[in-house]
Every structure is written in C-alpha cells, then in structure tokens.
Participant: 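This is the structure I have questions about; it appears just below.
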Amino acid sequence: MNTRRDFLRNIGASALMLQLNSLTTFADSSDHHEQPYQGKVLRVAIMGLGGYGTRVAEAMKDCTKAKLVGVISGTPSKIKDWQAKYNIPEQNCYNYDNFDQVKNNPDIDAIYVITPNALHHSQVIRVANAGKHAICEKPMALNAREGQEMIDACKKANVKLLVGYRMHFEPRTLEVIRMRNAGEFGKVMFFQGQCGFKAGDPKQWRLNKALAGGGSMMDIGIYALNGARYMVGEEPVWVTAQETKTDPVKFKEGVDETIQFQLGFASGAVASCLSSYNINHLDRFFLTGDKGFAEMQPSTGYGPIRGRTHQGELTQPLTIHQTVQMDEMADIILTNKKPIVPVNGEEALKDLKIIDAIYQAVKTGKKVPLTI
C-alpha cells in the first residue's frame, strides 16, 4: 500500500509541476521530447513459466528494446495461457524435450532460463548449442565447476551469457556505487548485508537440495554476497561462515536454514552478512567509510529500493527492475554495451566460487582463502 500511495503522490506532484510551467517553457521543451526507439529489438523466449517468469513477462510489456516472443515449459496448459496473454505464435512454443529445435527458429534471439537452480547448467548449454544467447537466473549454477562449463559452452558457440543481476541496473544502487567510486565515502571500512524471510511450503523446490543445490545461501544469500562485492568495490580474499539450523525437519541435510558469513578484502575492509530462510524482515545493506556511509532498506527487494547516505536521502527514480534489466541486457547483447557493474557469466562465476568456499568454511570451521 505504501508503494502505491508513494507512486500516486509522485505522479500528482509531477502533474502539478507541469501545470506551473509557463507556456513558453512548455513550448521550448517540446523540441527535446524523446523520440520513439527505432533500433534493434532483442526477441526473447522465457523458459520456466512460474512466478518469477511471470514477473519478467509482465515487466517486458514496458520494454522498448526487448520483446517476449516465445515460451518454453513442461506444462502445456501454461503454454496455452501465455500464448493467449502475450500473443505468442505457435511456432515459438517449445517444451523441455524439444526446445533444441529453436536452433532453426530465426525469430528468437535469446532464451531467459528461469527454472530451478539444478537445471540451469544443462539448459544453458543446450541454449548455447542451439546458437541462441542465454540469460540465466541466479545463481547461475550449483557450483563453480558447472558455471565454468556454461561459460565455456557459450564462448564455443559464440553467444553471450548474461545472468539476472537486476540490482546492477537499479538507479539508487548505482548512485551508491558512483559515490563510492568518487571517493565520497572515503576509505571503505565495513559492509553489512542482511537477506532473509521465512520460507513457506516445505515441499517447494527451493527446499529440495537436488533442485536448489542448497538453501537460503543459494537463493537470497547471493544478494548479500554480490552486494558486498559491488558496494565495497573489491573482490574478497578470505571467507569464514557459520550455519544455524533450528528446524532440521523442514531444512533437511544440505538445505541451509541460516548462514552467517564474513568476508575480508585486501584493503582491510570487512563484510558481515546474514542469509536466512527462517527470519523475516531482512533486506538491508549498510556501507561505511571514514568520510561517510550508505544505508539501503529495502536493498534488494522488487521495489521500491529506499536508501540514504551521509548526504541525505537517495532520490533517484524508482523503476521496475526487470523492465530496466531486459532493456539493458538487450543493449549488451545487440550493441555490446558495457554495464557499470558486469552481469556476464564471469561475474556470476565469482559468486559461485565464493559460495563454494562458504559451504567449505561451514563444513570445516576454518577461514578459507579466496582466489577469484
């Protein structure tokens, strides 16, 4: 309710400002109206028509550089529903058995893999072998070995591999990164990332190690991990971690309930992060240096992202993350645009290497050195 109320308030304020502009100013501004986009459009098929796939599809309605043109699903009824809702032609519909045939379909440029984690590896490699660009939801794979194989397959096929790091395009997040790069926080000393909620249905795939590859760390802990890297602006050189499990029935062996992990950086900065499937209201980043700080809460949710620094509130425009992500990814694929924070397979591989080390640290109780 707060989000909608804030949105309406902002719209009302914008309308009032337009009314207060003079006719001369209004006439002058007409010369600067943005022209409709007339460049290339990335034609995308979504693989996996679940909750997040639906969110991406809805967001893509407002994209200018990316368009939903195809679907891949193991559920025929979902395909029919999506065909009707998004006007998808029959020849652009596939299932998990026959989607290799997309190789012969010139109307699809890229496939966005939004399936359970354990399926990413084989599906992205099949996408690459079909000659299509791959966009993969995070985590990219179950471990670094799988991730490297996916990168290698896409390079061999001469297609791009991007990963759904939507926060890398979020305006308020990018403002904090800009401030850090400009030295406005001074020497960065400490980062804290908290990501968590109470997991619901115990039968969901996220609580199945065979499909998820782990528990909270793979699903939401990756936000704190990736956030530590782009907020601090360095790669960590060591990690320690501890697991807490209060419900071994719901969170079976290999499915972590809560993990705390600590990262050390060559500059001397440290990070303390928390990932949980059993604690609500955890969505906060905090960064501090010797000249200032940044706090974001919510920090990684679907929106709106809120934040402040020692200079005041962050006021950059609120966006639909997936809309911006898909338009930006279209530019990356079609024009080789370089994003401020990478979203390629190599970026995702770094996270996977650290996650591997986090699980090793949990198991051994030792500090694990990192080389990424």
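Values below: every heavy atom of this structure, side chains too, minus hydrogens, waters and symmetry copies. Quick caveat, the model's predicted, so the values are computed rather than measured.
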Participant: When you measure from the centre of the six-membered ring of Tyr277, is the NZ or CZ of Arg206 closer than 6.0 Å and no more than 45° off the axis?
Facilitator: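 No, Arg206 and Tyr277 do not form such a contact.
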Participant: As an exercise, state the distance from OG of Ser275 to CD1 of Ile358, rounded to the nearest 0.5 Å.
Facilitator: 8.5 Å
Participant: Determine whether Val343 and Ile151 fall in the same hydrophobic cluster, where Ile, Leu, Val, Met, Phe, Trp and Tyr are linked whenever their side-chain heavy atoms lie under 4.5 Å apart.
Facilitator: yes
Participant: Do Val237 and Ile355 belong to the same hydrophobic cluster, where Ile, Leu, Val, Met, Phe, Trp and Tyr are linked whenever their side-chain heavy atoms lie under 4.5 Å apart, directly or via other members?
Facilitator: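 No, because Val237 and Ile355 fall into different hydrophobic clusters, even though each may have its own neighbours under 4.5 Å.
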Participant: For Pro139, is there any backbone N or O sitting under 3.5 Å from a side-chain donor or acceptor partner on His120?
Facilitator: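 Checking the backbone N and O of Pro139 against the side chain of His120, a donor-acceptor pair under 3.5 Å is found.
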Participant: Spell out, as yes or no, whether a donor-acceptor pair under 3.5 Å connects the side chain of Arg180 to the backbone of Met231.
Facilitator: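 Yes; at least one donor-acceptor contact below 3.5 Å.
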Participant: What closest approach, in Å, do Ala130 and Val102 show between heavy atoms, and which atom pair accounts for it?
Facilitator: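 Closest heavy-atom pair between Ala130 and Val102: CB-CG1, 3.7 Å.
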Participant: Shared ILVMFWY cluster between Phe285 and Leu282, side chains joined below 4.5 angstrom?
Facilitator: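 No.
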Participant: Kindly check if the number of other-residue, nucleotide or ligand heavy atoms within 6.0 Å of CG (Asn98) is above 12?
Facilitator: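 It does: Asn98 CG has more than 12 such atoms within range.
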Participant: Taking side chain as C-beta onward, heavy atoms only, is Ile135 less than 4.5 Å from Met329?
Facilitator: yes
Participant: Please determine if Glu253 and Lys209 form a salt bridge, counting it only when a charged side-chain N lies under 4.0 Å from a carboxylate O.
Facilitator: no
Participant: Enter the distance from Lys78:NZ to Asp81:CG here, rounded to the nearest 0.5 Å.
Facilitator: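 Answer for the NZ-CG pair, Lys78 versus Asp81, is 9.5 Å.
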Participant: Are Val127 and Val159 in one and the same hydrophobic cluster, where Ile, Leu, Val, Met, Phe, Trp and Tyr link if side-chain heavy atoms are under 4.5 Å apart?
Facilitator: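 Val127 and Val159: separate clusters.
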Participant: If we ignore hydrogens and angles and just use 3.5 Å, is the side chain of Lys250 paired with the main-chain N or O of Leu207 as donor and acceptor?
Facilitator: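 Not at all, since once roles are kept as given, no pair shorter than 3.5 Å links the two residues.
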Participant: Quickly, which of Lys65, Lys338, Lys160 forms a salt bridge (Lys or Arg N to Asp or Glu O under 4.0 Å) with Asp331? Name it, please.
Facilitator: Lys65
Participant: Check this for me, if you would: do Arg284 and Glu295 make a salt bridge, where the nitrogen-to-carboxylate-oxygen distance has to be below 4.0 angstrom?
Facilitator: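 Looking at Glu295 together with Arg284, the answer is yes, because their closest N to O distance falls below 4.0 Å.
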Participant: Heavy atoms, side chains only, cut-off 4.5 Å: are Leu68 and Ile46 in contact?
Facilitator: yes
Participant: If you count every heavy atom of other residues, nucleotides or ligands that lies below 6.0 Å from Lys67 atom NZ, does the total exceed 12?
Facilitator: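 Open: at most 12 neighbouring heavy atoms sit under 6.0 Å from NZ of Lys67.
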Participant: How long is the span from the CD1 atom in Ile333 to the CG atom in Leu42, to the nearest 0.5 Å?
Facilitator: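 Rounded to the nearest 0.5 Å, the CD1-CG separation comes out at 4.5 Å.
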Participant: Report yes if some heavy atom in the side chain of Ile111 is under 4.5 Å from a heavy atom in the side chain of Ile72; otherwise report no.
Facilitator: yes
Participant: Would you please say whether a donor-acceptor pair under 3.5 Å links the side chains of Tyr359 and Asp256?
Facilitator: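 Side chains of Tyr359 and Asp256: pair found under 3.5 Å.
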Participant: Quick one, Leu287 and Val232 - any side-chain contact, counting heavy atoms below 4.5 Å?
Facilitator: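 Leu287 reaches Val232 side chain to side chain.
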Participant: Does the pair Arg306/Glu313 count as a salt bridge with the N-to-O cut at 4.0 Å?
Facilitator: no
Participant: Membership question, hydrophobic clusters at under 4.5 Å side-chain separation (ILVMFWY): are Val239 and Val270 in the same one?
Facilitator: no
Participant: Hey, does the side chain of Arg55 reach the backbone of Tyr302 with a donor-acceptor pair shorter than 3.5 angstrom?
Facilitator: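 It does not hold such a pair.
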Participant: Apply side chain to side chain contact (heavy atoms under 4.5 Å, CB included) to residues Arg229 and Glu234 and explain how you reach the verdict.
Facilitator: CA-CA 6 Å; Arg229 293 175 51 233; Glu234 293 183 66; over 6 Å; no
Participant: Which heavy atom of Gly48 sits nearest a heavy atom of Thr115, and at what distance?
Facilitator: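 Minimum heavy-atom contact is CA-CG2, 4.0 Å.
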Participant: Got a list of side-chain donor-acceptor pairs under 3.5 Å for residues 315-323, not counting sequence neighbours?
Facilitator:
{"residue": "His321", "atom": "ND1", "partner": "Arg166", "partner atom": "NH1", "Å": "2.9"}
{"residue": "Gln322", "atom": "NE2", "partner": "Tyr52", "partner atom": "OH", "Å": "3.1"}
{"residue": "Thr323", "atom": "OG1", "partner": "Ala59", "partner atom": "O", "Å": "2.7"}

Participant: Mind listing the closest non-hydrogen atom pair of Ala144 and Lys353 along with its distance?
Facilitator: CB-CG, 3.7 Å
Participant: Tell me the closest heavy-atom pair linking Ala141 and Gly147, and the distance in Å.
Facilitator: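 Of all heavy-atom pairs spanning Ala141 and Gly147, the closest is CB-N, 3.7 Å.
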Participant: So does Asp247 get a backbone contact from the side chain of Glu257, meaning a donor-acceptor N/O pair under 3.5 Å?
Facilitator: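 Indeed, once roles are kept as given, a pair shorter than 3.5 Å links the two residues.
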Participant: Would a 4.5 Å heavy-atom cut-off, applied to side chains only, mark Leu49 and Thr54 as touching?
Facilitator: no
Participant: Have Gln192 and Ser272 got a donor and an acceptor in their side chains that come within less than 3.5 Å?
Facilitator: no
Participant: Specify whether His310 and Phe185 have parallel, tilted or perpendicular ring planes, treating 30° as the upper limit for parallel and 60° as the lower limit for perpendicular.
Facilitator: perpendicular
Participant: One pair to check against side-chain hydrogen bond (donor to acceptor under 3.5 Å, both in side chains): Asp351 and Tyr165. What are the steps and the verdict?
Facilitator: CA-CA 11 Å; Asp351 281 341; Tyr165 288 110; 2.7 Å; yes
Participant: Are Glu184 and Lys291 ion-paired here, with the side-chain N under 4.0 Å from a carboxylate O?
Facilitator: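 No.
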Participant: Are a donor atom and an acceptor atom from the side chains of Asn117 and Glu137 found within less than 3.5 Å of each other?
Facilitator: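 Short answer, no.
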Participant: Which pair of non-hydrogen atoms, one from Phe261 and one from Gly221, has the smallest distance, and what is that distance?
Facilitator: CZ-O, 4.0 Å
Participant: Should the pair Glu58-Lys85 be classified as a salt bridge under the 4.0 Å nitrogen-to-oxygen rule?
Facilitator: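 So Glu58 pairs with Lys85 through a salt bridge.
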Participant: Is the CG atom of Asn158 crowded by more than 12 outside heavy atoms at less than 6.0 Å?
Facilitator: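 Counting other residues, nucleotides and ligands, CG of Asn158 stays at 12 neighbours or fewer.
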Participant: Establish, from distance only, whether the side-chain atoms of Glu149 and His121 form a donor-acceptor pair under 3.5 Å.
Facilitator: yes
Participant: So, do Leu225 and Cys273 sit near enough that their side-chain heavy atoms are less than 4.5 Å apart?
Facilitator: no
Participant: Just so I know, are the side chains of Asn344 and Val163 near enough to count as touching, which here means a heavy-atom distance under 4.5 Å?
Facilitator: no
Participant: Are Asp283 and Thr300 close enough that a side-chain donor and a side-chain acceptor fall under 3.5 Å?
Facilitator: yes
Participant: Are side-chain N/O atoms of Ser276 and Thr258 paired as donor and acceptor at under 3.5 Å?
Facilitator: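 A pair is found: one side chain offers a donor N or O, the other an acceptor, under 3.5 Å apart.
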Participant: May I ask you to decide if Thr64's main-chain N or O and Asp327's side chain share a donor-acceptor pair within less than 3.5 Å?
Facilitator: yes
Participant: For residues 362-372, tabulate all N or O donor-acceptor pairs below 3.5 Å that involve a side-chain atom, not counting sequence neighbours.
Facilitator:
{"residue": "Thr364", "atom": "OG1", "partner": "Gln360", "partner atom": "O", "Å": "2.9"}
{"residue": "Thr364", "atom": "OG1", "partner": "Lys366", "partner atom": "N", "Å": "3.2"}

Participant: Pair Gln83, Asn92 - check side-chain hydrogen bond (donor to acceptor under 3.5 Å, both in side chains), show working.
Facilitator: CA-CA 9 Å; Gln83 275 189 273; Asn92 289 357; over 6 Å; no
Participant: side-chain hydrogen bond (donor to acceptor under 3.5 Å, both in side chains) for Tyr86 and Lys61? Distances and angles first, verdict last.
Facilitator: CA-CA 9 Å; Tyr86 300 107; Lys61 289 179 178 179; 5.2 Å; no
Participant: Hydrophobic side-chain clustering at under 4.5 Å (ILVMFWY, transitive links): who's grouped with Tyr37? Put none if nobody.
Facilitator: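 For the cluster that includes Tyr37, the remaining residues are Val41.
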Participant: With no hydrogens and no angle check, just 3.5 Å: does a side-chain donor-acceptor pair link Lys198 and Asn280?
Facilitator: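 No, because no side-chain N or O of Lys198 sits under 3.5 Å from a partner of the opposite role on Asn280.
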Participant: How many angstroms lie between CE in Met167 and CD1 in Ile177, if you round to the nearest 0.5 Å?
Facilitator: 9.5 Å
Participant: Please tell me if the side chains of Glu243 and Met217 come closer than 4.5 Å, counting only heavy atoms from C-beta onward.
Facilitator: no
Participant: Within the distance-only criterion (no hydrogens, no angle test), does the side chain of Ser73 pair as donor or acceptor with the backbone N or O of Thr75 below 3.5 angstrom?
Facilitator: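 Between the backbone of Thr75 and the side chain of Ser73 there is a qualifying donor-acceptor contact (under 3.5 Å).
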Participant: Pair Asn105, Tyr94 - check side-chain hydrogen bond (donor to acceptor under 3.5 Å, both in side chains), show working.
Facilitator: CA-CA 11 Å; Asn105 189 335; Tyr94 301 88; 3.0 Å; yes
Participant: Salt bridge or not between Arg172 and Glu170? Use side-chain N to carboxylate O under 4.0 Å.
Facilitator: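 Not counted as a salt bridge, because no side-chain N and carboxylate O are separated by less than 4.0 Å.
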